[in-house]
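In the text below, chain A, chain B and the rest are named by the order of the sequence lines, each starting its count at 1. Computed from a prediction, not measured in an experiment: that's the story for all the values here.
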2 protein chains.
Amino acid sequence: MAITLKEVAERAGVSRSAVSRTFTQGASVSAKTRKKVEKAARDLGYSPSLIARSLATNRTKLIGLIANNFQNPVFLEVFDLYTRALQERNLRPLLVNLTDQTDPSASVQLLKQYSVDGVIVASSTLPPLFAHAFKEAQVPVVHAFGRFASTPDIHIVGIDNEHCGALAAETLQKHRYKRVAFLGGPQSATSAQDRATGFIRRAKEIGLEIVEILYADAYAYDSGQRAMGKLLQDRRFEAVFCGDDLICMGAMDAARDRGLSIPKDIGFIGFNDMNMAAWQAYSLTTIRQPTSEIILSSVDLVVSMLDTPGRAPEVRLFPCSVVERSTLKPIEN
Amino acid sequence: MAITLKEVAERAGVSRSAVSRTFTQGASVSAKTRKKVEKAARDLGYSPSLIARSLATNRTKLIGLIANNFQNPVFLEVFDLYTRALQERNLRPLLVNLTDQTDPSASVQLLKQYSVDGVIVASSTLPPLFAHAFKEAQVPVVHAFGRFASTPDIHIVGIDNEHCGALAAETLQKHRYKRVAFLGGPQSATSAQDRATGFIRRAKEIGLEIVEILYADAYAYDSGQRAMGKLLQDRRFEAVFCGDDLICMGAMDAARDRGLSIPKDIGFIGFNDMNMAAWQAYSLTTIRQPTSEIILSSVDLVVSMLDTPGRAPEVRLFPCSVVERSTLKPIEN
DNA sequence: GAAATTTTTGCAACCGGTTGCAAAAAACAT
DNA sequence: ATGTTTTTTGCAACCGGTTGCAAAAATTTC
């Protein structure tokens, strides 16, 4: 069917090794044979089979990309960045959609079968245990958006969620709010837990009163909308910290639906600064997570592990910042 | 490193072929040896290498998934559906992010190197020429969301965009609009062209006056917002047909920003019925594209081509329908 | 129980590349 | 021109599976 090494070798009048060498980086071939081979290859329309090469070299140039939230548009940005970053390094993502199948061993099995060179777990909702399974299977792994641990046993790239929660508390106080609510992501997500912890701790320190704590059941619009519906049954707060922009948008729409005006009647601060946060219909004040830095860094890290498998586990944290738009009442001087 | 066939064979006390056969569908092995092999495999934690298998069988179970719009959240739904549908059939997507590199031959080259079993081009903006390149390279290909052709030379799964454009015109007339504008997707996209054609033709037939025709530069929020800004400089229309929901949301926000109220001052009808169209902040009346059907069908089609490579090219069109929400003024009786 | 038939098994070649090693060729030194 | 060093080349084994074929084993038939 397709053209093989052998045919090119015959046409160029050289050995198979010579052909192989002209197509592998840093191999020793004279300019003369290289030229002959390249011509023959061009004539025949040859391109080397990565499958065969993978078998021989034990490298596939495939990186498993594990995700489990296809409801949140922020993941489209994430995929965009990952595919580009990997493509630039001549690697390809093998996408695994985790849906609800929580069993790590199945994915490990799967990606092992494909002999991926490395794995990036891109999720803030998966437990650390998940990335672990790969480490145990000797597959280089990076947990992006994962939970920060002071003595990590796997590579983690992300943010300090606790600190970000604290940042939210400070921002609300700066805007002169006294009584607030917390509307987090799913309670099982480490990111949601940590943001809550930091928020609550800092609020206590600076005298911000938290009158409600509720967790949405997913990082999704509908979940935010529903949860806000519950919170609004007896509103004793003036602003809400939402653990995610999408949840926040759902919550805002629920509030507006009840005739509340933002930020006049109620304030909101979100989390992520996804593209949509800047949309006029929301114009969300939010905490920016440096998605792009996290992604680039996690790709770099997994790439470096390909060469240095024994690398000591590393935590890379990137700073978050407040992006002020118009969902908190203006600060009066 | 990893456990191989040979080691399992030795431990089970059988030949390598026997092991191979217990792990391949429909091969002849006695219950007794199967049991022995399975035990040995379990003990050793063996899982067969798909790479090696691919090399031998010339099948990789990899399907190239080509996309070029990572700005539009509808594509997250698309990815979700594709990854699930493929996973269910024991196939995996190899994602190619086309960004701006328009050269088909590069992607063909790339996917040929990975020996993908088939390719799905999932884009309404790529020219037919693109999918062609794969056909010529003998790779089974389906163009999902592609342009309908009465004598197709490749498989196409999608909708009749002209008819959908006509549907939009009829809906606007039903809602008693007289003078309307068309705000399409990028003019280079066949989908945008066809929706325009159908809309314009039908409008003429039923006496709906089109006073403006403009194309956004991408299927994106910002593009819609900008384009609407232009249209609003001299507004002589009462409603707008937007060739895409996301464009429509941008356009709506631009209109509201100028103090217009929807649908009192201006009406909108979108296209796609993406999840977000149902959001309270927009509650968009739109034309539903049966995304899920298109995707499932295109996966089925590419799978069937794996067995029957010579299959005659086929066009599969799915009907669209109007989803009424609240961006067109109510019909008075 | 022997012959005929069917099923199971192992051998060995193959898929399309890579790579260590030794021989051959080229380049350099004297 | 000869000997030495460096570079290039081909051979052959290997990566981890699959599969056609013939022999061996099990099953059926009479």
Tell me the interatomic distance from B/Gln25, atom CD, to D/dT19, atom C1', rounded to whole angstroms. 16 Å

Please state whether the base of C/dG20 and the side chain of A/Arg21 form at least one donor-acceptor pair under 3.5 Å? yes

In terms of side-chain heavy atoms of A/Ala18, which of D/dG10, D/dG17, D/dT9 is nearest? D/dG10

Knowing that exactly one of A/Arg34, A/Lys35, A/Lys36 qualifies, which makes a salt bridge (Lys or Arg N to Asp or Glu O under 4.0 Å) with A/Glu38? A/Arg34

Is A/Val19 touching bases, backbone alone, or none of the nucleic acid, heavy atoms closer than 4.0 Å? nothing

Choose from D/dG17, D/dT18, D/dT8 the nucleotide whose nearest atom is closest to any side-chain atom of A/Ser28. D/dT8

d(CD, A/Gln113; C1', D/dG17) in whole Å: 13 Å

Rounded to the Å, how far apart are A/Lys6 NZ and C/dA13 C1'? 12 Å

Mind checking B/Ser17 for me? I need base, sugar-phosphate or nothing, with any heavy atom below 4.0 Å counting as a touch. base

Give the rounded distance in Å between these two atoms: CD of A/Glu10 and P of C/dG17. 13 Å

Is any side-chain nitrogen or oxygen of A/Thr33 closer than 4.0 Å to OP1 or OP2 of D/dT9? yes

Got a second to check how far A/Leu65's CG is from A/Leu91's CG, nearest 0.5 Å? 12.0 Å

Might you work through the ring pair (Phe, Tyr, Trp, His ring centres under 6.0 Å) test for B/Phe23 and B/Tyr46, ending with a clear yes or no? CA-CA 11 Å; B/Phe23 285 98; B/Tyr46 167 77; 5.3 Å; yes

When you get a sec, tell me which of C/dT9, D/dG16, D/dT18 is the closest nucleotide to the side chain of B/Thr4? D/dG16

Roughly how many Å is it from CG in B/Leu50 to P in D/dC15, rounded to a whole number? 19 Å

Output, in order, the C-alpha distance, side-chain angles, deciding distance and verdict of side chain to side chain contact (heavy atoms under 4.5 Å, CB included) for B/Leu110 and B/Val96. CA-CA 9 Å; B/Leu110 185 85; B/Val96 177; 4.2 Å; yes

Side chain of B/Leu55 - closest among D/dG10, C/dG10, C/dG16: C/dG16

No-H, no-angle donor-acceptor pair, A/Arg16 side chain to C/dG16 base, under 3.5 Å: no

Quick one: on DNA chain C, does A/Ser49 or B/Ser30 contact a more 5' nucleotide (nearest heavy atom)? B/Ser30

If you pin B/Ala31 and B/Ala52 to their nearest nucleotides in DNA chain C, which one's is more 5'? B/Ala31

Classify the nucleic acid contact of A/Ser54 as base, sugar-phosphate or nothing, counting any heavy atom under 4.0 Å across all strands shown. nothing

Closest approach of A/Asp300 and A/Arg89, non-hydrogen atoms and distance? OD1-NH2, 2.8 Å

Could you give the NZ-to-C1' distance, from B/Lys35 to C/dT8, as a whole number of Å? 17 Å

Spacing between A/Ile51 atom CD1 and D/dT18 atom P, to the nearest angstrom: 14 Å

Measure NZ/B/Lys32 against C1'/D/dA26 and give the value in whole Å, please. 10 Å

